Amino acid sequence: MQEPRAWLWRWPLAFLLVLITVVSTTHAAKHGDFKTCSQSSFCRRLRSLSERAQASGFHSPYSLGDGYLSDAAQQGGASWTFSLDTELYPDIHFALTVDFLSKGDGIARLRVDEVGSKLPWKRYNEAAKWALVDPEPALTAVGNVKKVSSKGQTRFTYGVNSDLELIVDHAPFKVTFRRSGEDIMYINERNLFHMEHFRSKAETPAQVDGGDAAAVSEQQVFSATSGKKDTTWFEGEPDAELWEERFSKWTDSKPKGPEAFSVDISFPGVEHIFGLAEHASPLSLPSTDGGRYTEPYRLWNVDIFEYEHDSTMALYGAIPLVHAQNTKHSVGLLSLVASETLVDVVHAKSGVQTHWMSESGIMDLLILPGPDPASLFKQYAALTGTTDLPPQWSLGYHQCRWNYIDDTDVLEVQRRFDEEDIPLDVTWLDIEYAEEHRYFDWDKKHFPDPVKLQNEVGAKGRKMVAIVDPHIKRTDDFRIYKDAQDKNVITKKSDGKTNFEGWCWTGSSVWVDFFNPASWSWWKDMFSFNVWKDSTKFLFIWNDMNEPSVFDGPEISMPRDNVHHGGWEHRDVHNINGMMFHRATHDALVVREEPAKRSFVLSRSFFAGSQRYGAIWTGDNMGTWDHMAGETSMLLSLNICGMTFCGADVGGFFGNPSPEMLIRWYQAGAFMPFFRAHAHIDTKRREPYLYEDPYKSIMRDTIRLRYTMLPIWYTAFHEASRTGTPTMRPQYVVFPKDDKGFAVDDQYYVGGSGLLVKPVTAPSVDSSQVYLSDNQPYYNYFTHHFYPASDSVRNVTVPSPLESFPLLVQGGNILPIRARARRASTLMWRDPFTLVVALRRQGDAQGELYLDDGESFAYANGDYVWRGFRAVSERGQTVVSSFDKASSENGSALTRLGSWASQIADVHVEKLVILGLETKPTSVTVEGEAGDLAWVWEDGCAATDKAEGTASRLTIKAPGVRVLREWSIRIV
């Protein structure tokens, strides 16, 4: 966030001088605040490997030594450890461990670490401890992996169908992953694997050869400390910043010296790879070897001001995961490293080549075998967990800005939303609610009775969210600071003893080290109602600035040589830091009530596994057409990387969008998993009710549309919580055999509902082109216009006047919606349903509906409703029926132990709308009941027709069937 100039008088002059370096009056990312590859010594060294690899005689100096360091038979599971040596330094040794996991249908794990070092350091090896559900995943039984060794090669055969192979070539070191005899992935095919070993720093150059210290070259120093006469053919010329590195005015002491590593990973026969969230780039990652991008994709969580809409620059989160896709297979790779990582991507004739470069840590690669996107999601979820099933109300509309100035302002927002009949679930408070930005301490001048305010908002069925950032004001009269000091849980400077101090919104600040277990129970106490007496059950939390953002630090963050619990440097854990704060707050909110309730915590920073703790958003975006257009690909990338509960600031954080642009932002936002409007303090107020018609009405209708579709979103999140499948699904995920759709990233499907959305992200648009992959009809959700099935992929033209946008229903789906949008979603739980049945050309359709109480964990004990719906065409009639989805999935009857399900026993289906029937019915009846139902027929195109037009529509009114019961409606 940017501090407004009008408020600068609040801080002392020293802070203003720091702040001036952060705040910009121009709308552009400040490139000078952040390193490029050439400004990072480890990236310079490792990236240049790929240039030297073109030289004649270049080869990998790494090879596997004779024998094993350990064998599976000794460990009781499928794990083998080999010695890995380098000809560059004969006295330096590494270990390669190959594991085959029992979960994930064939996940293989490769780890490389230095062994036998006489120096007191070790490489960071705890990323898995935080990212994985089980830090040491169980191994598959030895008998399930067949190992065959021959001269120079070890071959493993494994997998559910024994169709997977991992082939380890000993000299030079190379790994091939193969499925059904086809090479799918190569590791070190291009000989770019390199792990810098720990070494002693020469005390003075004079000690190298006894000569004049000033005359000794860097080459001599490097050679003396490495013990090798010539390594330049592989490592390049010596780098002067091996032991100390400068960037702008900051110096990184690098006490352990060089410890970076790189590895090349190639995907033969592939044209598209996806992932590496978070970047403002296309979903299908372009090359970084020139043209569009020249810098590698950077994974280093930063607080970036007004980020560019098309760039490889680092953003707020880092998930080192990629999917590689062609029409025959999918494969994934997760690199569990928490230090700064940069990835080059090259699209070659043979496939896609990637080069991964990390500053520190062990190499820890997990190969997700696929063979399709759905399998990749399950495999990744088996490792890192799934998105927690969120509170149902958190999928409603959130209204935020920096800042609602007092309690009167907050209550006026509630009143105006009600007056204009616009649904609203959550009102947010940014940093100004807290006295001197001392989070937890409300500014009683403007919010004199926070509990009363929260209760008034809660009485309307709504919630509030307040920000709690990680920086803690360094003043002895602030209880949070005093506690953190007393418990010794503050992040340390490079000496490992002195508390690190920096500047952020509070002024002089410290940062809790959430890697320290002593902080966890204390942080839970801070959110208990007994301790935070100004909080209630209606208040939830926003964790911003947790990269961490440090205004006077290098790259607006924490120095890399700071020290965390366990003696690890900040460089080792930086990309996990934000997740640890998110995790601690999530855990605190879960236990503050008895029985426990689901938490809602929004985070800006994240890492692999963050999906277990709540939602994230894409940070400080711009209110521009370019940024709006770019958000779709960013959110799709986040979804395939596991962060499915995500959204972007509707309207853009910066700027004053025109009414047309704001409407298009709302239409896009209504189909983001997390739907929040937010704005900078310098922007004009832009709550929907402030606009004249028709703009106000269009925004109102868009928000109401979101509420009618909440059952679809909640069902999608239920699936995500079970399988890891995204709530926003790009084209390649739904149609992995259609390579023409792999690069499509401006439209997507909502869960498994068949809803296809394409936001309008350009001005003065009255029609849009939508790409369709499958041989099925599609129906315009708003007008029921019919787009016929086709044997080939096609683009269809969808009218997109200001009040509308492309929202199509794929034939073969049944949508359960609640047509009555109330002022808050919490008031809709007993409302009836409408089923929209969109028939396939074969005359059938299916859908599902998941419901629970929306806030507790009673669903874990079976207190939920999971219904399936199907429509089938048989013997000249169509039958629409309901069945127990849980029973069909689990093979056993659904057990409902709690009371919630019984409270909705009378919730019924008030209407069915069936699209694409061939002929007008003669009767519509509920099976087992006498009498014809009331229905209305509108003639039009059938699902089997070959020409566009308006679809036929049968509307069945008040069928009298209930959601919890099985029923059949026959249409003859």
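These numbers were taken from a predicted model, which means no experiment stands behind them.
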Inset, instruction - Apply the test salt bridge (charged side-chain N to carboxylate O under 4.0 Å, His left out) to residues Arg560 and Glu555: give CA-CA distance (whole Å), side-chain angles for both, the deciding distance (0.1 Å), then the verdict. - result: CA-CA 10 Å; Arg560 297 179 189 226; Glu555 300 193 274; 3.1 Å; yes
Inset, instruction - Show your working on side chain to side chain donor-acceptor pair (under 3.5 Å) between Asn546 and Ser603 and close with a plain yes or no. - result: CA-CA 8 Å; Asn546 53 330; Ser603 173; 3.0 Å; yes
Legend entry - side chain to side chain donor-acceptor pair (under 3.5 Å) between Asn530 and Ser528, worked out: CA-CA 5 Å; Asn530 290 332; Ser528 73; 5.3 Å; no
Inset, instruction - Under the salt bridge (charged side-chain N to carboxylate O under 4.0 Å, His left out) rule, what do Glu340 and Arg298 come out as? Steps first, then yes or no, please. - result: CA-CA 8 Å; Glu340 180 181 358; Arg298 189 183 187 208; 2.7 Å; yes
Legend entry - Stepwise side chain to side chain donor-acceptor pair (under 3.5 Å) check, His398 with Trp428: CA-CA 7 Å; His398 299 246; Trp428 291 55; 3.0 Å; yes
Inset, instruction - Give the intermediate values and the outcome of side chain to side chain donor-acceptor pair (under 3.5 Å) for residues Ser339 and Asp572. - result: CA-CA 5 Å; Ser339 64; Asp572 300 321; over 6 Å; no
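For Ser599 (side chain) and Val601 (main-chain N/O), no donor-acceptor pair under 3.5 Å exists by modelled atom type. Judged purely by atom type and a 3.5 angstrom limit, Asp409 has no side-chain atom pairing as donor or acceptor with the backbone of Asp406. Remark: the backbone N or O of Trp505 is paired with a side-chain donor or acceptor of His437 at under 3.5 angstrom. Proximity of a side-chain donor or acceptor of Arg123 to a complementary backbone N or O of Gly361 within less than 3.5 Å is detected. Between the side chain of Arg462 and the backbone N or O of Val457 there is no donor-acceptor pair closer than 3.5 Å. A donor-acceptor pair under 3.5 Å links the side-chain atoms of Arg401 to the main chain of His680, judged by distance alone. For Gln611 (side chain) and Gly609 (main-chain N/O), a donor-acceptor pair under 3.5 Å exists by modelled atom type. Without hydrogens or angle criteria, Asn403 side chain to Asp430 main chain gives a donor-acceptor distance under 3.5 Å. Asp552 places a side-chain N or O within 3.5 Å of a backbone atom of Trp503 that can act as its donor or acceptor partner. Remark: side-chain polar atoms of Gln399 are not paired, donor with acceptor, to backbone N or O of Gln414 under 3.5 angstrom.
Partner His586 forms a ring-ring contact (aromatic ring centres under 6.0 Å, His included) with one of Phe527, Tyr613, Phe540 and no other, that one being Tyr613. Shown are Asn516, Asn577, Ile576; of these, the side-chain contact (heavy atoms from CB on, under 4.5 Å) with His564 is made only by Asn577. Under the ring-ring contact (aromatic ring centres under 6.0 Å, His included) rule, Tyr433 has a single partner from Phe447, Trp442, Trp542, which is Trp442.
Judged purely by distance below 3.5 Å, without hydrogens or angles, the side chains of Thr251 and Glu244 never pair a donor atom with an acceptor atom. Counting only N and O atoms by type, the side chains of Thr624 and Asp626 include no donor and acceptor under 3.5 Å apart. Between the side chains of Asn499 and Lys492, at least one donor N or O lies within less than 3.5 Å of an accepting N or O. A side-chain donor from one of Asp483 and Trp522 sits under 3.5 Å from a side-chain acceptor of the other. For Asn562 and Thr491, the side-chain atoms include no donor-acceptor pair closer than 3.5 Å. In summary, the side chains of Ser41 and Lys254 do present a donor paired with an acceptor at a separation below 3.5 Å, with no hydrogens or angles considered. No side-chain N or O of Thr618 forms a donor-acceptor pair with one of Glu278 less than 3.5 Å apart.
Ring planes of Trp243 and Trp121: tilted class, angle from 30 to 60°. In this pair, His627 and Tyr307 present their aromatic rings tilted. The plane angle is within the 30 to 60° band. Between His570 and His574, the ring planes lie perpendicular to each other; the angle is over 60°, past the 30° to 60° tilted range.
When the ring pair (Phe, Tyr, Trp, His ring centres under 6.0 Å) test is applied to Phe581, the partners found at least two apart in sequence or on another chain are Phe514, Trp523. Every residue two or more places apart in sequence or in another chain was checked for a disulfide bond (SG atoms under 2.5 Å apart) with Cys400, and none qualifies. Listed by chain and residue number, Phe500 satisfy the ring pair (Phe, Tyr, Trp, His ring centres under 6.0 Å) test with Trp511 (two or more places apart in sequence, or in another chain).
Comment: Arg474 engages Glu501 in a salt bridge, judged by a side-chain N to carboxylate O separation of less than 4.0 angstrom. Checked for salt-bridge contact, Lys482 and Asp486 meet the test: a charged N lies under 4.0 Å from a carboxylate O. Of the charged side-chain nitrogens involved, at least one lies within less than 4.0 Å of a carboxylate oxygen, so that Glu245 and Lys35 count as a salt-bridged pair. With respect to the salt-bridge test (charged N to carboxylate O, under 4.0 angstrom), the residues Arg604 and Glu547 qualify.
Residues Asp303 and Tyr316 share a closest heavy-atom pair of CA-CE2, 4.1 Å. Of all the heavy atoms in Ala277 and Ser637, the pair that sits closest is CB-OG, 3.8 Å. Scanning both residues, Gly655 and Arg686, for their nearest heavy atoms gives O-NH2, 2.8 Å. Across Asn575 and Phe607, no two heavy atoms sit closer than the pair O-CB, 3.3 Å. Closest heavy-atom contact between Ser519 and Asp513: OG-O, 3.6 Å. The shortest heavy-atom contact between Ile541 and Val465 is C-CG1, 3.8 Å.
Put simply, SG on Cys646 and CZ on Phe674 are 10.0 Å apart, with the number rounded to the nearest 0.5 Å.
Residues Met313 and Glu295 fail the side-chain proximity criterion, which asks for heavy atoms closer than 4.5 Å.
Cation-pi check for Arg676 over Phe645 is not met; the charged atom does not lie both under 6.0 angstrom from the ring centroid and within 45 degrees of its normal. With Trp300 as the aromatic partner, Arg571 does not meet the cation-pi criteria of under 6.0 angstrom to the ring centre and within 45 degrees of the ring axis.
Between Trp617 and Phe653, a ring centre-to-centre spacing not shorter than 6.0 Å is recorded.
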